[in-house]
Amino acid sequence: MKKKYYLTTPIYYVNDIPHIGHAYTTVAADVLARYKRMLGYDTLFLTGTDEHGQKVEKSALISGETPQIFTDRIVKRFKDLWLRLNISYDDFIRTTEERHKKAVTDLFLKIKANGDIYKGEYEDWYCIPCESFFTDLQLKEGKCPDCNRTVEKLKEESYFFRMSKYQGQILAHIETNPDFIQPESKRNEIISFIKSGLKDLSISRTSFKWGIPVPGDDRHIIYVWFDALTNYLTAAGFPDDKGRLETCWPADVHIIGKDILRFHAVYWPTFLLSAGIPLPRMVFSHGWWTIEGQKMSKSKGNVVDPLQVVERFGVDPFRYFLLRDVPFGLDGDFSEEAMITRHNTDLANDLGNLLSRTLTMIERYRGGRIPPQINSKDRDIEIGLRSVENFRLVIEGRLDKFQFHLLLGDIWYFINLANRAIEVAAPWKEKEDAILSNFLYVLAETLRIIALYLYPFMPSTANKIHHALGLKEITDKTPLLEEGRWGMIRPDTAISKGEALFPRIEKEKKISSQTPVPPVALPQSEKITIEDFAKIDLRVGLIKSAERVKGSEKLIKLMVDLGTEERQVLAGIGTRYAPEELPGKRVIVVCNLEPRKMMGMESQGMLLAAGGKTVEGLATFIDDIAPGTKVK
Ligand code: MSP
């Protein structure tokens with residue numbers, strides 16, 4: 001039977017659209033999964049979405065949808081992105097699925113049956129407008145971190161998990177299993193956190209409804225982290241599919257970002273200890289991306305949309321960049337410049353050129369067919385390149401340590417060696433037929449093997465190389481160790497020189513969520529008459545004041561002067577504009593729209609803006625037109 005390898009990404013919150021941080025973990029997991037499959041493992045690569053909780057409930061309310069409709073819509077964005085980025089997940093879990101609700105309820109009951117859940121009172125800082133509790137640490141200068149209002153101490157009935165009981169056990173586990181938390185620095189952080197004392201954990205809330213109820217007491221909703229973490233067990237067949245559970249659990253690795261390490265390295269294992277379920281083998285915590293030196297945030301408008309990056313640079317260069325530029329585990333900085341540099345040097349100059357030079361020479365000197373290998377003629381140069389064969393033996397070691405950047409570094413060593421070999425051997429000057437044939441064979445074979453190793457990082461590029469060399473397609477089923485042996489490319493194979501792998505990219509416009517991608521063609525929309533259009537009462541409005549709607553990231557409350565009256569308009573532009581930027585701006589207001597209530601306030605109109613689901617910019621005027629003037 002094949003060995004099992006179970007790896008997971010975090011399940012992503014649906015109150016956010018996918019960004020570079022989500023793409024990072026998922027691409028890394030994809031690379032690992034593909035390598036493992038090629039190394040003969042049967043993988044369970046799990047990703048998914050975290051759909052319950054107060055924030056999702058609120059976001060749905062703001063967009064005027066039920067939480068289920070809202071989550072269905074956002075989940076699609078994640079799935080579409082994974083398709084675009086060539087992510088080969090084996091299972092996609094949503095916490096709103098029945099199988100998951102069952103698993104969470106069951107785990108809760110198991111822990112309760114062991115005497116580790118009790119009812120008590122949860123006391124913390126509460127922000128009334130935001131309807132949220134915050135800990136001391138979460139407060140910003142003693143105020144609500146979301147709306148900056150004063151908070152008060154409040155008590156709420158809650159179920160508690162006896163986490164304190166497991167302090168000794170979890171510490172002992174971490175100390176006797178050095179690989180349980182990686183990298184090392186993160187392991188030390190967690191050890192000191194546990195040593196400072198574990199408190200019992202509140203695992204239910206009564207302040208919202210969107211979630212899984214506590215069995216037998218549905219006034220309480222199970223804490224979102226208890227719910228979310230259990231997804232890893234759900235996908236492994238818990239609680240009913242014993243056979244699957246036996247082969248899949250424990251998970252080999254949970255890959256996560258450093259901000260959610262404590263949940264995975266302390267909360268999760270203590271739940272499992274209580275339920276008598278084996279612990280995952282490893283939790284690997286990666287670093288965070290900043291954007292051009294700045295923290296990524298919606299208010300700064302610098303959130304990097306992976307779709308826009310791949311639109312400009314391509315899928316494989318993006319996947320390559322994410323794992324090449326920064327050691328997995330450390331923080332990194334994303335910038336257009338860094339991306340272009342990697343693209344032009346590593347991909348276009350090194351890899352792209354190696355392929356194109358090799359193919360050109362085979363075309364020119366050997367009529368487009370791979371020449372035979374004449375081993376007796378091997379020189380030092382060829383011997384160096386042939387050692388690419390041994391590389392397959394070090395891959396698993398690198399993978400176990402999550403050294404993606406070194407793995408790529410190893411591959412590039414051979415790419416650079418081959419490029420240098422061409423310069424040194426100067427085949428265009430070679431007079432002896434056998435020497436030239438041998439050299440061209442060695443180059444082609446080196447490229448074949450390099451493509452094989454590159455496949456998990458850059459699946460389509462690897463296959464373009466194989467296609468050009470007249471070879472069969474690489475898939476996750478291609479056995480890496482076997483196919484990585486030297487000498488498998490058959491002489492006389494016809495090559496086909498296609499287009500350049502990576503055309504050079506010149507520096508130009510910035511990538512940010514403010515740079516929309518123009519559609520290829522306008523979609524066909526239903527025609528309306530001029531009378532239909534005239535029904536819409538559009539007018540010039542002058543923004544008098546603007547403030548954020550408490551508890552909402554998106555909504556801004558505006559007072560707009562329409563010449564003869566002033567109206568209150570709630571606009572979903574809070575992720576694009578800060579309120580201070582708006583007073584004095586002239587905008588286009590739809591004046592005869594039915595008033596609508598949002599977050600308990602009435603909106604008496606709508607502003608025209610560019611963009612789809614995210615606002616790219618408000619429509620304004622070049623001239624200072626009087627408020628109330630008709631727009632047509
Ligand atoms: N839903 C929880 C996870 C539950 S897992 C049982 C969650 N979701 S999240 O959508 O907010 O974040 C998911 C992942 O994205 C985290 O691992 C986080 O570290 C990662 N990132 C968010 N911003 C990031 C960067 N700027 N850079 C790298 N990763 C980042 O947390």
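Atoms within each ligand, like the ligands themselves, are counted from 1 in listed order. Counting begins at 1 with the first residue of the sequence. As the structure is a computational prediction, the values presented were derived from the model and not from experiment. Side chains are part of it too, since the values below use all heavy atoms of this structure and drop only hydrogens, waters and symmetry mates.
The closest heavy-atom contact to atom 28 (C) of ligand 1, among the options S297, S285, G257, G287, comes from G287. In the candidate list W289, W288, F334, W288 is nearest to atom 24 (C) of ligand 1, counting heavy atoms. With E51, H286, H19 as candidates, the residue nearest to atom 22 (C) of ligand 1 on a non-hydrogen basis is H19.
Those atoms of ligand 1 that come under 4.0 Å of a heavy atom in H264, given as number and element, are 5 (S), 6 (C). Residue contact check: A228 has heavy atoms under 4.0 Å from atoms 6 (C) of ligand 1. Each of the atoms 10 (O), 13 (C), 14 (C) of ligand 1 lies under 4.0 Å from some heavy atom of Y12. Per-residue contacts place D50 under 4.0 angstrom from the following atoms of ligand 1 (heavy atoms of the residue considered): 1 (N), 2 (C), 4 (C). Proximity to M296 (heavy-atom distance under 4.0 Å) selects the following atoms of ligand 1: 26 (N).
At least one test fails for K55 against the ring of Y13: distance under 6.0 Å to the centre or angle within 45° of the axis. The cationic group of R324 does not satisfy the cation-pi geometry with F404, failing either the under 6.0 Å distance to the six-membered ring centre or the 45° limit from the ring axis. Taking the centre and axis of the six-membered ring of F238, the NZ or CZ atom of R244 falls outside the cone set by 45° and 6.0 Å.
If you check the side chains of T43 and D90, you find a donor sitting under 3.5 Å from an acceptor. For the residue pair W412 and D346, no side-chain donor N or O sits within less than 3.5 Å of a side-chain acceptor on the partner. With hydrogens and angles left out, the side-chain atoms of Y320 and D325 include no donor and acceptor closer than 3.5 Å.
At a heavy-atom distance under 4.0 Å, no atom of F263 approaches ligand 1.
Not one N or O of W225 is nearer than 3.5 Å to an N or O of ligand 1, by distance alone.
Taking the six-membered ring for Trp and the full ring otherwise, Y118 and Y159 have centroids separated by 6.0 Å or more. Between F92 and Y89, the gap from one ring centroid to the other is short of 6.0 Å. The ring of F334 has its center closer than 6.0 angstrom to the ring center of F321.
Among all non-hydrogen protein atoms, the one lying nearest atom 16 (C) of ligand 1 is I260 CD1, 3.8 Å. I11 O, 3.2 Å is the protein heavy atom nearest to atom 3 (C) of ligand 1. Counting only heavy atoms of the protein, atom 6 (C) of ligand 1 lies nearest to Y232 OH, 3.5 Å. Closest protein heavy atom to atom 18 (C) of ligand 1: D259 OD1, 3.3 Å. Distance from atom 15 (O) of ligand 1 to its nearest protein heavy atom, with residue and atom name: H22 CD2, 3.8 Å. Of all protein heavy atoms, the one lying nearest to atom 8 (N) of ligand 1 is Y13 CD1, 3.3 Å.
Looking only at distances, a side-chain donor or acceptor of T95 sits under 3.5 Å from a matching main-chain atom of E51.
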